[in-house]
Visitor: 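Okay, here's the structure, questions in a sec.
Numbers restart at 1 for each chain; the letters A, B, ... are given by sequence-line order, proteins then strands. This is a predicted model, so every value here is computed, not measured.
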Amino acid sequence: MSESSTPIIVPSGAGPRGAAHDELLDGLNPQQREAVEYRGQALLIVAGAGSGKTRVLTHRIASLLRSREAWPSQILAITFTNKAAGEMRERVEQLVGDSARGMWISTFHSACVRILRREAEQFGFTKAFTIYDSGDSRALIKRLVKEHEADALGLTPASVQSRISKLKNELADADSYARDANMNDPAERMFVDLFSDYQRQLQRANAFDFDDLIAQTVYLFRAFPDVADVYRKRFRHILVDEYQDTNHAQYALIHELTRPVQSSVDAGGGMLALMDEQDGASLTVVGDSDQSIYAFRGADIRNISEFERDFPGAKVVLLEQNYRSTQNILTAANSVIRNNFDRKDKRLWSDQGDGEKVVGFTGYSQHDEAQFVADEIEQLRRKGVDYGQMAVFYRTNSQSRALEEIFIRSAVPYKIMGGTKFYERQEIKDALAYLVSVANPADEMALRRIINKPRRGIGDVTVETISGFAEREGITFRDALGRYAELGLGPKLQGAVAQLHNVLAEASEILLPSSGEAPPPTSVAEGLQVLLNKTGYLDALRASRDPQDEARVENLDELVAVTREFARNNPEGTVLDFLTEVALVADSDDLDDESGSVSLMTLHTAKGLEFDTVFLTGVEEDLIPHRISAGEPGGPQEERRLFYVGITRARKRLYLSLAMTRAQFGEVSAAMPSRFLQEIPAEIIHWRQSPGDVNSRGGTQSRALNARRPRDRWGNTQQLPPGGGLKPKSTAMDRFPGMVTNKVRDNGDLELAAGDRIRHEDFGEGRVDAVTGEGPKRIAHVRFDSAGSKKLLIKIAPITKL
DNA sequence: TGCTTCTATTTTTTT
DNA sequence: AATAGAAGCA
């Protein structure tokens, strides 16, 4: 690439990289240094798991800033999660101090929202646009599918949604799709109709869905080169983390941003004084194709594997030394990932020594497995390992239930990352829909959601009446509410509509004062409370006899607390800023890590994190690799990468566990050990209880237990125990002294003291060593005669005092 | 319109 | 097993 004829914005080029840099390079290995110091248009850092890539990235940024090669405002760093962004910002701040302020360090999505809020007016949106999460867009699609009666053609809301999402990630729209589709097929025609209708509705509601945030930004840049140039001139150094997980739209966005700027400089008086070409921004990407686990949402591994082709002259740096894990853990990881063909061979190594062996365990049921995990956690805790340094991973969110149940009973403090998100709860979505209805009156979806919550007697019929009126008059649905007297409704309904309208108007005055003054920081909390109280939403919940509604009230209290917290952190923040944050911040980004608890999360959420001790549970066929992945192209390989990601999160101790039977859909079925287990060399696994142990033949072959299930899928029923039948038939149960049944009770008032003897339904008799905690959280520390020491939550443990 | 009851479906992963 | 949606009835 040609040298840039450096224009105004770029600070004077690099001075000799001397003394000032040394401390930034301290403690880095030669490859890491190279990655920090390289200066050029394009740099690919192939960073194996635990190879210190965040360190390299932050030091690279710091190095650019310190040498005055870049101002903070010229740096754009993109990560995949808000949490990663926050961490990166913090670490850069540690290196360079306050000057980190002006940098953009954010996710693709938040960066795009920021750009779109500024530029929305360019193409038919307002800056008050709302962001539809997948639930919102599913609701909209569902309505459209119904209206078009598309189900008759075999189109379900779910399938339509995922197809639209995939297409958007490929930057296709309804028109471009229609050009290549077989339009003789009525189902295809219908899909195209739905797609374009969906897009029309979004536009009308002044809303973007998740995929639009990226795709529409690309569209904006392509349609308005002047706008794009503003950002191209501004961002001179772009850094992208987890590049292997970018999809086509994200790739295109990066491409647009790194284009050379071909712009005229306005010399004043409308005269174009000189044409100036400036090189595109320098691009640094970091990634590891072995950790690509988001193909299902359009991530294209080719973005990284063809980087050198896309950016000719790109420099590639390989980081293979792992600073995180012991050699045994790395050996396990390497020997698993090796089985993926079509990958560049890469071997992580460590100089930390072998460390402990990987521990394997096979439980009878998922409860049994969970009990093993809980016991092991307690034992490690007694040895001084912090709860916060232990994590439990699983493939699917539903697996967290059994773990949670046992953890509660065993008084293991835990937190679940991700999963059913706070912001996806009904009552929270309702409350947010109220805020949206005020902030973005064009959003009919939000209004429809809350128009009859709480019950106002406004049903489908009335909604359609209002909608029809709005259409005839050419006004928005929201405005139609304001003209309640003209809707031709009965007096009761008219009153209900009028009341809703008035509350919305009142909240609007608080949140977006018509005087044009900036609302005070407390306005969001205030507005929300007005909406919840004066609409009667809270009253309805309080009056309800559904016990769940009590929890809903608490959740709403918490939401109000969140708005207050938001106001503290963002004194200038408006209701729009609040809604944006809520839409884009996943629960896994929860920044206040309660360091005193064990983290539970899916393997996907685990990416990018690390823990001293990792429990990888449910290592079974049909779970990992997941059954559904088998049919998908590249599915099994992606599952293997996912397993690999899980293994490489562990620093010192890795546990792999599975269960012989697993309950799913309310039915218990036999489970088989995952094929991935066999890929790990036997000598580095120490099986506390191997699948072979539980196999009635006592063989080493991995087979499912012949549990007393009539529907054992191999048709086996019972077999003789290894000993040849001297003892009565051994059932699998004999081998599980710690097996757990599924009973929960309430012994809220059971009084226990040290020295008491108790009987536990699963663990037998034992002696109480100590009682700690208060009230409903009282915990008994019990030494059982046969099952060892355990902590039990007295309130719910199945125990009786003897 | 709203409540109750019955039925069908779900669980792959997420910004 | 749990829940959301549909259908049926008041």
Side-chain angles (χ1 to χ4, degrees), chain A residues 78-85 106-113 131-135 137-139 142 146 151 156-158 162 165 168-169 208-215 242 245-247 249-250 292-299 366 393-402 405 417-421 423-424 426 452 454-463 490 492-493 496 546 548 580-589 601-608 618 622-632 635-636 638-639 641-643 645-646 662-668 742:
Chain A
I78 297 191
T79 60
F80 260 74
T81 62
N82 293 290
K83 181 172 190 173
S106 68
T107 64
F108 271 107
H109 291 84
S110 346
C112 286
V113 170
I131 300 163
Y132 279 14
D133 67 19
S134 16
S137 75
R138 190 172 54 242
K142 205 179 225 170
K146 210 170 199 174
D151 49 339
T156 64
S162 86
S165 170
K168 285 185 174 182
N169 287 331
F208 296 103
D209 65 21
F210 270 144
D211 303 311
D212 273 344
L213 293 178
I214 317 284
E242 309 280 14
D245 285 329
T246 51
N247 60 35
Q250 291 163 332
S292 162
I293 54 173
Y294 283 108
F296 70 91
R297 69 172 197 213
Q366 67 261 50
F393 301 158
Y394 36 81
R395 176 65 234 270
T396 68
N397 279 306
S398 61
Q399 288 168 256
S400 68
R401 273 212 188 140
E405 245 168 55
M417 328 259 294
T420 315
K421 295 176 187 119
Y423 293 113
E424 277 170 22
Q426 271 183 48
N452 200 31
R455 301 238 147 79
R456 302 182 169 92
I458 304 177
D460 289 348
V461 180
T462 314
V463 170
K492 222 173 176 176
L493 278 171
D546 182 341
Q548 282 195 352
T580 302
E581 181 166 310
V582 164
L584 295 181
V585 172
D587 278 3
S588 59
D589 293 328
M601 68 192 88
T602 67
L603 285 166
H604 283 87
T605 315
K607 192 175 72 162
D622 289 350
L623 222 42
I624 175 134
H626 197 274
R627 170 185 309 164
I628 293 173
S629 73
E632 277 156 26
E638 176 146 321
E639 296 288 306
R641 289 195 292 269
L642 191 54
F643 190 57
V645 165
R662 190 162 291 270
Q664 234 182 7
F665 302 123
E667 289 235 338
V668 181
N742 210 357

Visitor: Taking C-beta and beyond as the side chain, do A:H626 and A:E639 meet within less than 4.5 Å on heavy atoms?
Guide: yes
Visitor: Could you state the atom-to-atom distance from CZ of A:F643 to P of B:dT13 in whole Å?
Guide: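 Atom-to-atom, A:F643 to B:dT13, this comes out as 18 Å.
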Visitor: Report the distance from atom CG of A:L623 to atom C1' of B:dT10, rounded to the nearest whole Å.
Guide: 15 Å
Visitor: With distance as the sole test, does A:R641 use its side chain to make a donor-acceptor pair with the main-chain N or O of A:S292 at under 3.5 Å?
Guide: yes
Visitor: Please figure out whether A:Q664 or A:D211 has its closest DNA chain B nucleotide nearer the 5' end.
Guide: A:Q664
Visitor: Output the rounded distance in Å from CG (A:D133) to P (B:dT14).
Guide: 14 Å
Visitor: Applying a 4.0 Å non-hydrogen cut-off, can you work out what A:S398 is touching in the nucleic acid: base, sugar-phosphate, or nothing?
Guide: base
Visitor: Hey, which of these two, A:G459 or A:L642, hits DNA chain B nearer its 5' end, going by closest nucleotide?
Guide: A:G459
Visitor: Provide, to the nearest angstrom, the distance between the CG atom belonging to A:L584 and the C1' atom belonging to B:dT14.
Guide: 13 Å
Visitor: Measure CZ/A:R627 against C1'/B:dT13 and give the value in whole Å, please.
Guide: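 One finds 16 Å between C1' of B:dT13 and CZ of A:R627, rounded.
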Visitor: Which listed nucleotide (B:dT12, B:dT15, B:dT1) is nearest to the side chain of A:R395?
Guide: B:dT12
Visitor: Looking for any heavy atom pair under 4.0 Å, which part of the strands does A:R455 touch: base, sugar-phosphate only, or nothing?
Guide: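 It contacts sugar-phosphate atoms only.
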Visitor: Reckon A:R401 has a side-chain N or O less than 4.0 Å from the OP1 or OP2 of B:dT11?
Guide: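 For A:R401, the contact criterion (side-chain N or O under 4.0 Å from OP1 or OP2 of B:dT11) is not met.
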Visitor: Quick check on B:dT1: is either OP1 or OP2 less than 4.0 Å from any side-chain nitrogen or oxygen of A:T462?
Guide: yes
Visitor: Check for a donor-acceptor pair, side chain of A:N169 on one end and backbone N or O of A:R297 on the other, with a separation under 3.5 Å.
Guide: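 A pair under 3.5 Å: yes.
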Visitor: Expressed in angstrom and rounded to an integer, what is the separation of A:R297 atom CZ from B:dT13 atom P?
Guide: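 It works out to 13 Å between those atoms.
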Visitor: When only distance counts, do a donor and an acceptor, one from the side chain of A:H109 and one from the base of B:dT15, lie under 3.5 Å apart?
Guide: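 Such a pair exists between side chain and base.
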Visitor: At less than 4.0 Å, is any side-chain N or O atom of A:N452 found next to OP1 or OP2 of B:dG2? Yes or no.
Guide: yes
Visitor: Rounded to the nearest Å, what distance is computed from the NZ atom of residue A:K607 to the P atom of nucleotide B:dT15?
Guide: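 To the nearest whole Å, that distance equals 10 Å.
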Visitor: If the condition is side chain to side chain donor-acceptor pair (under 3.5 Å), which residues does A:D212 pass it with, not counting sequence neighbours?
Guide: A:K168, A:Q199
Visitor: Under 3.5 Å, side chain of A:N452 to main-chain N/O of A:G457, donor-acceptor pair present?
Guide: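 Yes, because the side chain of A:N452 sits within donor-acceptor range (under 3.5 Å) of the backbone of A:G457.
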Visitor: Look at A:T605 and B:dT14 and indicate whether a side-chain polar atom (N or O) is within less than 4.0 Å of OP1 or OP2.
Guide: yes
Visitor: Does NZ or CZ of A:K607 lie under 6.0 Å from the centre of the six-membered ring of A:Y294, at an angle within 45° of the ring axis?
Guide: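 Judged by the rule (NZ or CZ under 6.0 Å from the ring centre, within 45° of its axis), A:K607 is not positioned above A:Y294.
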Visitor: OP1 or OP2 of B:dT13 sitting under 4.0 Å from any side-chain N/O of A:H604?
Guide: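 Indeed not, no polar side-chain atom of A:H604 lies that close.
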Visitor: Of all nucleotides in DNA chain C with an atom under 4.0 Å from a non-hydrogen atom of chain A, which is the first and which the last going 5' to 3'?
Guide: C:dA1 to C:dG5
Visitor: So, do A:F108 and B:dT15 meet the stacking rule of ring centres under 5.5 Å and planes under 30°?
Guide: no
Visitor: Within the structure, does a side-chain N or O atom of A:T602 lie under 4.0 Å from either OP1 or OP2 of B:dT14?
Guide: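 Checking B:dT14 against A:T602, a side-chain N or O does come within under 4.0 Å of OP1 or OP2.
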Visitor: Name the nucleic acid region contacted by A:K142, choosing base, sugar-phosphate or nothing; use a 4.0 angstrom heavy-atom cut-off, strictly under.
Guide: sugar-phosphate
Visitor: At less than 4.0 Å, is any side-chain N or O atom of A:N397 found next to OP1 or OP2 of B:dT14? Yes or no.
Guide: yes
Visitor: Say whether, by atom type as modelled, one donor and one acceptor occur between the side chain of A:Q250 and the main chain of A:N247 under 3.5 angstrom.
Guide: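 Flag set: sc A:Q250 to bb A:N247 pair under 3.5 Å.
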Visitor: Quick one: A:I628 CD1 to B:dT10 C1', roughly how many Å, whole number?
Guide: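 Spelled out: CD1 on A:I628 to C1' on B:dT10 is 10 Å.
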Visitor: Between A:F296 and A:H604, does the ring centroid distance fall short of 6.0 Å?
Guide: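 Centroid distance A:F296-A:H604: below 6.0 Å, so yes.
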